[in-house]
Amino acid sequence: MLKKFYKIRIFQQPNPKQNIFIFLYDHQYFPIQKIRLFGIIGKNRVRWSSITLIAVLRLGHRINRDKRVTTHVALVARAFGADKIFITTRDKKIEDNIKSVCRKFGGKFEIETGVNEKKLIGQWRGTVVHLTMYGVRLDDAMKKLDKNKDVLVVVGSEKVSSDIYQLADFNVSIGNQPHSEVAALAIFLDRYTNGEWQKKQFNDGKIKIIPTEKGKKVIQKNKIPLFSEKKLKTEALFVDVKMTSIPDPEKCIELLREKGCSNEVIRHCIAVRNIAVKIAEKAGADVKLVEAGALLHDIGRSKTHGIMHGIEGAKIAKEMGLPDSIIKIIERHIGAGIPETEAKKLGLPPKDYIPQTLEEKIVAHADNLVDNYKKQDIKKEIEKALKKGQKKYAKRLLQLHKELSRICGIDLDSII
Ligand code: SAM
């Protein structure tokens with residue numbers, strides 16, 4: 001069963017006067033001062049960490065003495081699934097270091113220094129967990145923590161003031177022996193996320209590390225050689241920046257955004273994707289291809305909202321080196337396809353734009369079953385076509401609906 005969540009959450013907003021922006025996105029993380037709207041897509045991508053915010057608060061950072069440990073706290077927070085770290089002492093150097101790690105290795109992670117801990121804890125709308133060897137056992141705390149709430153995990157440096165123990169909702173110990181905030185944070189995040197932190201996506205980085213038994217394999221995002229550590233013994237592999245494989249849903253959303261599609265277009269693409277995937281599952285089609293094709297079908301709307309948007313989209317997809325199967329889905333998604341004779345009349349480059357493969361048909365039709373972001377019955381789309389005098393188009397719509405309904409074994413109007 002596919003799961004999908006759409007959730008609007010208003011996160012901690014330390015400065016209420018600050019502008020609030022609304023974003024539509026997949027499960028990427030957003031600055032804490034913003035409203036975010038999640039669409040979590042694909043069964044493998046429904047991640048626990050996607051729907052709640054995890055932030056870390058580092059107390060009492062002493063610029064010279066703690067620079068290494070605080071950096072490690074921030075790196076652990078980023079790697080183990082947190083979205084943001086707050087550090088009480090203003091430290092521009094540490095901010096720059098962490099931001100540079102994010103640029104290099106990717107992923108959305110924020111750092112803010114010079115934060116007043118009491119003010120932040122006071123305004124925090126989720127749970128506040130203070131890690132201390134004096135607290136309650138981790139196992140006991142885990143049973144009580146509500147993971148649907150945002151969580152602020154507080155770790156100290158030297159001495160932690162007694163106020164923090166009072167302000168925290170939970171004082172949690174990772175064993176009752178003194179050790180380190182780095183270890184305590186890592187264990188807490190692993191347990192809190194049930195190991196799901198391992199699925200966190202780190203997109204947009206300059207490099208990506210490929211797990212290897214021996215040596216180091218690193219992909220550089222550009223057309224540059226990829227070497228194993230033992231350069232001399234290994235052949236240089238060229239990694240093409242172009243995507244020759246089917247991009248995952250997160251990447252598709254990123255591409256839409258990168259090409260300048262509006263939030264409305266992205267929202268529509270997600271709605272089409274949701275229906276297309278259901279049809280694809282029933283029809284025994286290539287679900288991954290349908291999913292990517294549906295998410296990208298309107299990428300051409302970054303250029304035009306006219307009838308040319310399919311062709312423009314296909315051009316963009318070609319330039320990006322996307323597989324031909326996706327290019328064709330984009331090019332042939334308009335209506336129930338456009339035959340060459342009509343294409344000529346419409347001023348399109350003369351060619352047949354009728355969807356051919358099962359996947360092309362599914363995406364084109366899922367688009368017909370969505371009015372903006374909402375599912376609609378095919379009758380509605382047919383009525384619209386007839387009102388405009390587009391009889392042939394109405395006929396093609398009905399034919400495609402019947403064909404796919406037959407393949408799926410149910411009327412597609414009842415699939416949702
Ligand atoms: N003496 C300090 C105090 O008064 O809290 C603790 C200093 S310790 C080096 C720094 C931080 O490591 C603590 O604030 C706590 O966040 C974390 N820490 C160390 N041992 C811990 C444990 N057993 N359980 C949970 N957190 C621990």
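Because the structure is predicted, anything quoted here is derived from the model rather than measured. Each ligand, and each atom within it, is numbered from 1 in the order the structure gives.
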Ligand-side contact atoms (ligand 1) for residue partner [X], heavy atom cut-off under 4.0 Å:
| X | answer |
| --- | --- |
| Tyr165 | 5 (O) |
| Ala184 | 25 (C), 26 (N), 27 (C) |
| Ser180 | 12 (O), 19 (C) |
| Gln177 | 20 (N), 22 (C), 23 (N) |
| Gly175 | 22 (C), 23 (N), 24 (N) |
| Thr132 | 24 (N), 25 (C), 26 (N) |

Report the nearest protein non-hydrogen atom to [atom]: residue, atom name, distance rounded to 0.1 Å.
| atom | answer |
| --- | --- |
| atom 13 (C) of ligand 1 | Gly156 N, 3.9 Å |
| atom 8 (S) of ligand 1 | Ser157 O, 3.7 Å |
| atom 20 (N) of ligand 1 | His179 N, 3.1 Å |

Under a 4.0 Å threshold between the charged nitrogen and the carboxylate oxygen, would [Y] count as salt-bridged to [X]?
| X | Y | result |
| --- | --- | --- |
| Lys384 | Glu381 | yes |
| Arg191 | Asp139 | yes |
| Lys144 | Asp140 | no |

On the six-membered ring of Phe202, is Lys208 placed so that its NZ or CZ lies under 6.0 angstrom from the centre and within 45° of the ring axis?
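No, Lys208 does not lie over the aromatic ring of Phe202.
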
Options [options], ranked by nearest heavy atom to [atom], top entry:
| atom | options | answer |
| --- | --- | --- |
| atom 1 (N) of ligand 1 | Glu158, Lys159, Met133 | Glu158 |
| atom 12 (O) of ligand 1 | His130, Arg137, Glu181 | Glu181 |
| atom 24 (N) of ligand 1 | Ile164, Val160, Ile174 | Ile174 |

Beyond-backbone contact of Asp413 with Lys379, side-chain heavy atoms, under 4.5 angstrom
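With C-beta onward as the side chain, the pair stays apart.
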
Plane angle bin for Trp124 and Phe86 - parallel if under 30°, tilted between 30 and 60°, otherwise perpendicular
perpendicular

Please work out which of the three classes, parallel, tilted or perpendicular, describes the rings of His309 and His333, given edges at 30° and 60°.
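Tilted, since the angle between the ring planes falls between 30° and 60°.
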
N or O contact, Leu131 vs ligand 1, cut-off under 3.5 Å:
yes

Any donor-acceptor N or O pair under 3.5 Å, side chains Thr113, Glu95
yes

As a test of understanding, state which of Leu256, Ile316, Val363 forms a side-chain contact (heavy atoms from CB on, under 4.5 Å) with Leu296.
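The option that passes is Leu256.
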
